[in-house]
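Per chain, numbering begins at 1; letters A, B, ... match sequence-line order.
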Amino acid sequence: MNSYNHKAIEAKWRSYWEETQAHTVTMDPDKPKFYCLDMFPYPSGAGLHVGHWRGYVLSDVWSRYKKLQGYNVLHPMGWDAFGLPAENDAIKKGIHPTVSTASNVATFKRQLHEIGAMYDWTREVNTTDPGYYKWTQWIFVQMYKRGLAYRKEMPINFCPSCQTGLANEEVVQGACERCGTPVEKRHLMQWMLRITKYADRLLEGLKTLDWPEKVVKMQEAWIGRSEGAEVVFAIDGADEQITVFTTRPDTLFGATYMVLAPEHELVSKITTPEQKEDVEKYVKQAMSKSSVERMANKEKTGVFTGAYGINPVNGKRIPIWVGDYVLIDYGSGAIMAVPAHDERDYEFAQKFALPIIPVIAEKDGTVPDLPFVIDGVLINSGPFDGMDSENAKKAITEHLQKKGQGRASVQYKMRDWVFSRQRYWGEPIPIVHCPKCGEVPVPEDQLPVTLPDVENYQPTGTGESPLAAITEWVNTTCPKCGGPAKRETNTMPQWAGSCWYFLRYADPDNDTALADPEKLAYWLPVDLYVGGIEHAVLHLLYSRFYIKFLYDIGVVDFDEPFVRLFNQGMVTKDGAKMSKSKGNVVNPDELVEHYGADSLRIYELFIGPPEVDSEWMDNGIEGVYRFIQRVWNLVVRSLKNMPEPTLASEKLRHRLIATVTERIESFKLNTVVSAFMEYVNQLGQTVDRQSLETLVILLAPLAPHLAEELWQLLGHKPSVFDARWPQADPAMLVADQVTVAIQVNGRTRGTVDVPADAAQEDVMNAAAAITSVKNALEGKEILKTIYVPGKILNLVVK
RNA sequence: GCCGGGGUGGCGGAAUAGGUAGACGCUACGGACUUAAAAUCCGUUGGGCGUUUCGCCCGUGCGGGUUCGAUUCCCGCCUCCGGCACCA
C-alpha cells in the first residue's frame with residue numbers, strides 16, 4: 001500500500017496550480033463574487049511565524065469554501081511596505097529601503113507560498129511602488145481640494161524615539177503605539193485630515209456592519225459622541241464671553257465656578273492684575289508638563305484668574321479659574337463647574353473651598369450624598385424645580401436659546417487626524433509651497449511625486465523631514481505660476497497606503513484611474529476581512545473614512561469597505577505573544593518540512609476557537625498528522641475493496657455535510673476538525689465511493705493538497721475545486737434511534753437506547769431494568785415524571 | 001474608575017432557546033506487533049470510595065437563588081485578560 005507522502009503531494013499540486021493558473025481570477029458578471037481579504041502584512045525581516053499563519057489559513061479556508069460553492073473568489077495579497085523598520089535599517093546599515101523591502105518581500109512571499117493559499121499573485125500590490133502611491137497621493141489631492149486636508153500649527157504628540165509626530169490614535173496610554181516611548185508635546189506645522197467631519201457617518205455606519213461587537217464598541221468609544229448644550233457666560237465687567245460645553249444643562253443652576261484650560265486664549269485677557277503673576281506661573285508650568293505627567297498626576301490643580309462669569313440662568317457671579325483638568329482640545333476648552341454633580345468638579349471644589357450647591361435630587365425628592373452624578377429631579381433651580389433631568393435638559397437648552405445664550409450641541413472625542421510624518425520612507429505629501437501662490441497641490445498629471453534617493457536617512461529631530469536636506473528635490477517650480485517654489489517635505493503615515501489598497505486589487509495595473517469603476521463595482525466591497533484586533537481603531541477607522549470620502553466624490557459606489565470582519569486570536573507560546581526578543585517564536589518552515597502544509601493548516605484551525613488567543617503545543621500537530629494519514633489510508637484501502645453505500649453510511653455522510661457546513665458558516669473551525677475526526681473514527685476499514693468523495697470535497701478547504709491528490713486517486717480529473725459543495729438531505733438527518741438519559745430526582749442514573757418515536761411507557765419500561773435506577777426507586781413513590789422525547793426521562797420520587 | 005470578554009480534567013479545548021459535563025486531540029500508563037526500537041494498532045486516563053463484569057459520593061472560580069433538572073438563567077463576590085482613562 002502506498003503511504004501518505006506530504007512532500008511529493010504538496011509539491012505536485014503547488015506546481016499544478018501554478019501551471020494551470022488555478023488561482024488567477026477575472027471579473028465574470030455571470031458569476032456571484034466573493035471578496036475574501038487578509039490584512040496585508042508589513043514585510044519585516046523576521047519572516048512569518050505560526051501566529052501569522054492562523055489568519056491566513058482562516059481566510060483561505062473561507063475562500064476555498066466559497067469557491068466550492070460556485071463563487072468567483074477574489075483572494076489577493078500584497079505589501080504594506082512603507083514604514084519605519086526599513087528606514088531604521090537604512091540608517092543603521094546603509095541599505096536603501098527599496099532594497100531591503102524587496103528582499104523582505106521575497107522572503108515573505110516564499111513563506112506565504114508554503115501555506116498553499118489560493119492567492120491570486122497577479123494582483124499583488126505594494127504601497128511603495130510609485131505606480132501605487134501615485135494614487136495614494138491622488139486621494140490626498142482630492143481631499144485637499146475639498147478642504148479635508150489642511151495645515152495647522154498646533155501642539156501634537158511627538159515620539160522622541162521614532163522622531164516623528166503621531167496621530168492621537170497612535171498614542172496608547174501616553175506612549176507611542178509602535179515603540180512604547182512616552183510621547184512629548186511639540187508645536188509643529190502639521191498636515192491634518194478633517195476626519196471629524198465624518199464623525200457622525202462613521203458612527204452611523206457601524207450599525208450596518210457584520211463586525212465583532214467589541215470592535216464596534218471600540219470605534220464608538222473612540223468617536224465618543226456626546227449630546228449636550230453650549231452655554232454662553234458673560235464676563236463681569238469685560239466685553240468677552242466664555243462658551244462652555246456641557247452634557248448636563250439640567251445642572252446649570254448648580255454651576256458655582258468656571259474653569260479654563262491653561263492654553264485657553266481668554267486666560268491672559270481676563271486675568272486681573274493681582275492674579276497675573278500666579279496665573280502666568282501656573283500656565284507655564286502646565287504647558288511644560290508632558291501628557292504622561294499630566295495623566296499620571298490626577299491631583300487637581302488650578303489658580304483663580306480674578307475674573308467672574310455671569311450664569312445666564314440666574315445672573316449669579318461665579319469665579320473663573322484656570323485648571324489643567326480642563327482640556328483645550330475638547331469642547332471649547334472651558335467648562336462650567338457643577339461640583340455637586342460631577343466628580344472632578346467636586347474634587348476641585350473641595351480642594352479650593354469653592355461652594356457646592358445641590359440642584360438634582362433623587363427621583364423621590366430626597367437630597368443625596370454628593371457628588372450625585374446621575375439623573376434625578378431638579379431642586380434649587382428656580383422655575384425648573386420639580387422637573388426631571390431629561391426634560392430639564394431640553395427646557396433649559398430651549399430657554400438659553402431664546403435668550404441667545406446657548407443652544408443644543410454635539411461634541412466628539414475624536415480629533416482631526418495628524419497626517420504628517422517627519423520621516424523619509426513614506427509617500428511625499430504632494431504639495432508645493434510657492435511664495436506667491438501659497439500652498440499648491442501637485443497637478444494630477446504630474447503625480448506621483450516620487451521619493452528622491454538620499455545619502456542620509458537620519459531624521460533631523462527638529463521636526464523636519466530628511467527630505468528637507470535634499471535641495472535639488474525640494475527646489476521646484478510652482479505648478480500655478482511657474483516661479484521658484486519648494487516642495488512639502490513631510491511624508492504620509494503608514495496608514496495612508498493601507499486605507500485603500502483593497503480597491504487596487506480589483507485593478508492593480510491601472511495607470512489612468514485608481515481602479516476601473518466597473519471592476520470596483522463588481523468586486524467591492526470586501527465580503528470578509530480577516531486580521532488582528534490591533535487595528536480596531538487605527539486602520540479600520542481610517543479606511544472607513546477614506547471610503548466614505550471616495551464615495552462622496554463618486555469613485556466608489558459603497559460607503560463601507562468591509563461588510564464582515566473577523567479578528568483571529570493570537571497564537572501564544574509559554575503564555576506570551578511570539579517575539580524574537582522573547583525567543584518563543586515557532587517557525588512554520590520546519591513544521592511544513594516535517595508534517596506538511598496540510599497538517600499545519602489543520603492544526604492552526606484545531607488549536608482553539610479562531611477568535612480566541614490560543615497556546616501553541618508542539619505535540620498538537622502530531623494528532624492532526626495521524627488524522628490525515630488515517631484519511632489517506634481509508635481511501636487507499638477502500639479503493640482496493642470498495643463497499644456499497646448503506647443506509648448507515650449515508651446517514652453519517654449527510655450528517656457530516658450538515659455539521660461541517662454549519663460549523664464553517666459560524667466560524668467554529670476548531671470543531672470542524674473534530675467533526676472530521678469523529679466521522680473517520682466511526683467508519684470501518686473501508687467505506688463506499690460516495691462517502692469518500694464527499695469527505696474529500698468537504699476536506700478540500702482545510703487540506704487542499706491532500707484533497708486534490710485523493711480526488712485524483714478516486715479517478716477524477718483535477719481539480720477538486722471544480723467540484724461543488726454537497727448538500728445535506730434533511731430526511732437523512734433524522735435519527736431513528738436515540739439515547740435517552742434516565743434521571744431520578746435530576747440525577748442521571750443511566751441511559752436507554754430507544755426508537756426516536758418511543759412512547760413514555762416504553763422508555764419507562766426500559767429504564768426500570770437499569771440497576772441504579774432500580775436502586776434509586778427502591779421503596780420510593782414516584783410523584784412526577786418529566787419526559788422530553790429524545791433527551792431525558794426524569795422521575796421525581798420521595 | 002468606566003466599558004467589554006473570560007475562569008470547565010495533567011494540557012488545548014467540547015457541550016449553553018436549561019436536559020447524559022469533559023466530544024475531539026495531546027500527555028501519561030498498560031497491552032499487541034518487533035530480535036529491538038520507531039511507527040502503527042487496541043485499552044485506560046476528572047477526583048474520591050466500596051462488597052470492583054457493578055455501584056455510591058464529590059465535581060464547570062466562590063457564595064446564594066429559581067427549577068424536576070443549572071457549565072448554561074438571576075443576585076452578590078473573587079480573579080484574569082483586553083479597551084478607554086480628568087472628553088465636562
Side-chain angles (χ1 to χ4, degrees), chain A residues 3 172-174 212-222 224-226 228 244-248 251 255 258-259 261 294-295 297-300 323-338 341-345 347-348 373 411-415 533-534 536-537 570 602-603 606-609 611-624 626-627 629-630 633 668 670-681 739-752 771-772 775-776 783-797:
Chain A
S3 61
V172 179
Q173 299 181 1
E213 207 32 53
K214 182 180 175 154
V215 178
V216 171
K217 284 262 164 61
M218 279 167 75
Q219 291 210 357
E220 279 172 358
W222 189 263
R225 185 180 202 270
S226 294
V244 303
F245 173 74
T246 179
T247 54
R248 294 296 303 273
T251 65
M258 302 179 76
V259 186
R294 202 158 149 171
M295 257 173 0
N297 184 12
K298 298 226 169 163
E299 175 85 11
K300 298 281 177 290
D324 72 357
Y325 82 97
V326 175
L327 308 174
I328 187 63
D329 50 3
Y330 182 76
S332 60
I335 61 157
M336 65 177 210
V338 184
H341 305 291
D342 182 280
E343 277 169 16
R344 298 151 301 183
D345 297 345
E347 202 188 315
F348 191 87
V373 299
Q411 294 291 325
Y412 300 91
K413 287 187 196 172
M414 185 170 68
R415 311 288 146 83
I533 186 83
E534 66 274 17
V537 285
M570 238 181 356
I602 294 181
Y603 183 58
F606 193 51
I607 187 167
E611 72 282 6
V612 170
D613 291 352
S614 295
E615 173 72 9
W616 181 267
M617 290 193 305
D618 289 323
N619 289 320
I621 195 171
E622 295 271 357
V624 168
R626 281 180 206 139
F627 161 72
Q629 287 181 311
R630 277 204 298 277
N633 293 336
K668 292 177 168 180
N670 53 328
T671 64
V672 169
V673 178
S674 55
F676 279 118
M677 289 173 167
E678 279 177 87
Y679 175 73
V680 173
N681 289 348
T739 304
V740 175
I742 309 302
Q743 301 184 335
V744 179
N745 287 342
R747 186 178 280 280
T748 303
R749 296 291 168 179
T751 61
V752 293
T771 314
S772 58
N775 291 349
L783 300 177
K784 198 172 165 189
T785 306
I786 294 119
Y787 178 53
V788 183
K791 300 271 185 185
I792 58 128
L793 175 72
N794 189 9
L795 305 170
V796 184
V797 303

remark   = Its glycosidic angle compared against 90° from 0, B:rG25 adopts the form anti
request  = Return the value, rounded to whole Å, for the distance between atom CE of A:Met570 and atom P of B:rG83.
outcome  = 10 Å
query = Between the base of B:rC68 and the side chain of A:Asn794, is there any donor-acceptor pair under 3.5 Å?
reply = yes
note = Per atom distances to the A:Thr246 side chain, the nearest of B:rA23, B:rC84, B:rA88 is B:rA88
request  = For A:Ala221 and for A:Gly333, find the nucleotide of RNA chain B with the closest heavy atom, then tell me which residue's nucleotide is more 5'.
outcome  = A:Ala221
request  = Starting at atom CD of A:Glu534, determine the distance to atom P of B:rC84, rounded to an integer number of angstrom.
outcome  = 13 Å
message = As a quick check of understanding, evaluate side chain to side chain contact (heavy atoms under 4.5 Å, CB included) for A:Gln743 and A:Thr748, giving each step before the final call.
response = CA-CA 4 Å; A:Gln743 301 184 335; A:Thr748 303; 3.5 Å; yes
remark   = note: A:Arg225, atom CZ; B:rC3, atom P; distance rounded to Å ~ 21 Å
query = Should A:Arg630 be listed as having a side-chain N or O under 4.0 Å from OP1 or OP2 of B:rG25?
reply = yes
key: Separation of B:rC26 P from A:Ile602 CD1 (nearest whole Å)   = 14 Å
message = Starting the side chain at C-beta, find the nucleotide from B:rG82, B:rA88, B:rG25 nearest to A:Lys214.
response = B:rG82
task = Just do the side chain to side chain contact (heavy atoms under 4.5 Å, CB included) check on A:Asp345 and A:Tyr325 with the steps written out, would you?
result = CA-CA 9 Å; A:Asp345 297 345; A:Tyr325 82 97; 2.7 Å; yes
message = Quick check on B:rU51: syn or anti? Syn means the glycosidic torsion is within 90 degrees of zero.
response = anti
task = Name the closest nucleotide to the A:Gln173 side chain, picking from B:rC84, B:rC86, B:rU20.
result = B:rC84
query = Okay, side chain of A:Asn633, backbone of A:Gln629: is any donor-acceptor separation there less than 3.5 Å?
reply = yes
query = OP1 or OP2 of B:rC26 sitting under 4.0 Å from any side-chain N/O of A:Arg626?
reply = yes
inquiry  = If you compare every side-chain N and O of A:Asn670 against the phosphate oxygens of B:rC24 (OP1, OP2), does one of them come in below 4.0 Å?
reply    = no
note = Regarding the side chain of A:Arg749, the nearest nucleotide among B:rC57, B:rG13, B:rA88 is B:rC57
task = Determine the contact category for A:Ile786: base if any of its heavy atoms lies under 4.0 Å from a base atom, sugar-phosphate if only primed atoms, P, OP1 or OP2 are that close, otherwise nothing.
result = base
inquiry  = Quick check on RNA chain B: between A:Val624 and A:Thr247, whose nearest nucleotide comes earlier from the 5' end?
reply    = A:Val624
ask   = Is there a side-chain polar atom (N or O) of A:Tyr325 under 4.0 Å from OP1 or OP2 of B:rA88?
value = no
message = In whole Å, I'd like the distance from the CD1 atom of A:Ile742 to the P atom of B:rG55.
response = 14 Å
inquiry  = What is the distance, to the nearest angstrom, from the CZ atom on A:Arg415 to the C1' atom on B:rA85?
reply    = 13 Å
query = With a 4.0 Å cut-off on heavy atoms, is A:Asp613 in touch with a base, just the backbone sugar-phosphate, or nothing at all?
reply = sugar-phosphate
inquiry  = Taking only side-chain N and O atoms of A:Thr771, does any of them lie within less than 4.0 angstrom of OP1 or OP2 on B:rG55?
reply    = yes
remark   = Quick note, A:Asn619 side chain, CB onward, closest among B:rA88, B:rA15, B:rC26 is B:rC26
query = Do any side-chain nitrogens or oxygens of A:Arg747 fall under 4.0 Å of OP1 or OP2 in B:rA21?
reply = no
task = Indicate the atoms forming the closest heavy-atom contact of A:Trp222 with A:Lys413, along with that distance.
result = O-CB, 3.8 Å
inquiry  = Looking at B:rG22, which nucleotide sits across from it as a Watson-Crick or G-U wobble partner, both distances under 3.5 angstrom, or is there none?
reply    = none
message = Is the phosphate of B:rC3 approached by A:Lys217 (side-chain N or O, under 4.0 Å from OP1 or OP2)?
response = no
ask   = Where the side chain of A:Met617 is concerned, which of B:rG12, B:rG13, B:rG55 is the nearest nucleotide?
value = B:rG12
Any N/O donor-acceptor pair, A:Lys300 side-chain to B:rC86 base, under 3.5 Å = yes
key: Any donor-acceptor N/O pair under 3.5 Å between B:rG5 base and A:Glu213 side chain   = no
ask   = Starting at CG of A:Leu793 and ending at P of B:rC68, how long is that distance when rounded to a whole Å?
value = 16 Å
request  = Please determine if a side-chain N or O atom of A:Ser332 lies less than 4.0 Å away from the OP1 or OP2 oxygen of B:rA88.
outcome  = no
query = Quick one: which of B:rU20, B:rA14, B:rA23 gets closest to the side chain of A:Pro609?
reply = B:rA14
inquiry  = Could you tell me the Watson-Crick or G-U partner of B:rC77, where both distances fall under 3.5 Å? Say none if there is no partner.
reply    = B:rG61
query = Can you tell me if the side-chain N/O atoms of A:Thr671 get under 4.0 Å from OP1 or OP2 in B:rG13?
reply = no
key: Non-hydrogen side-chain atoms of A:Arg630 and A:Asn681 separated by less than 4.5 Å   = yes
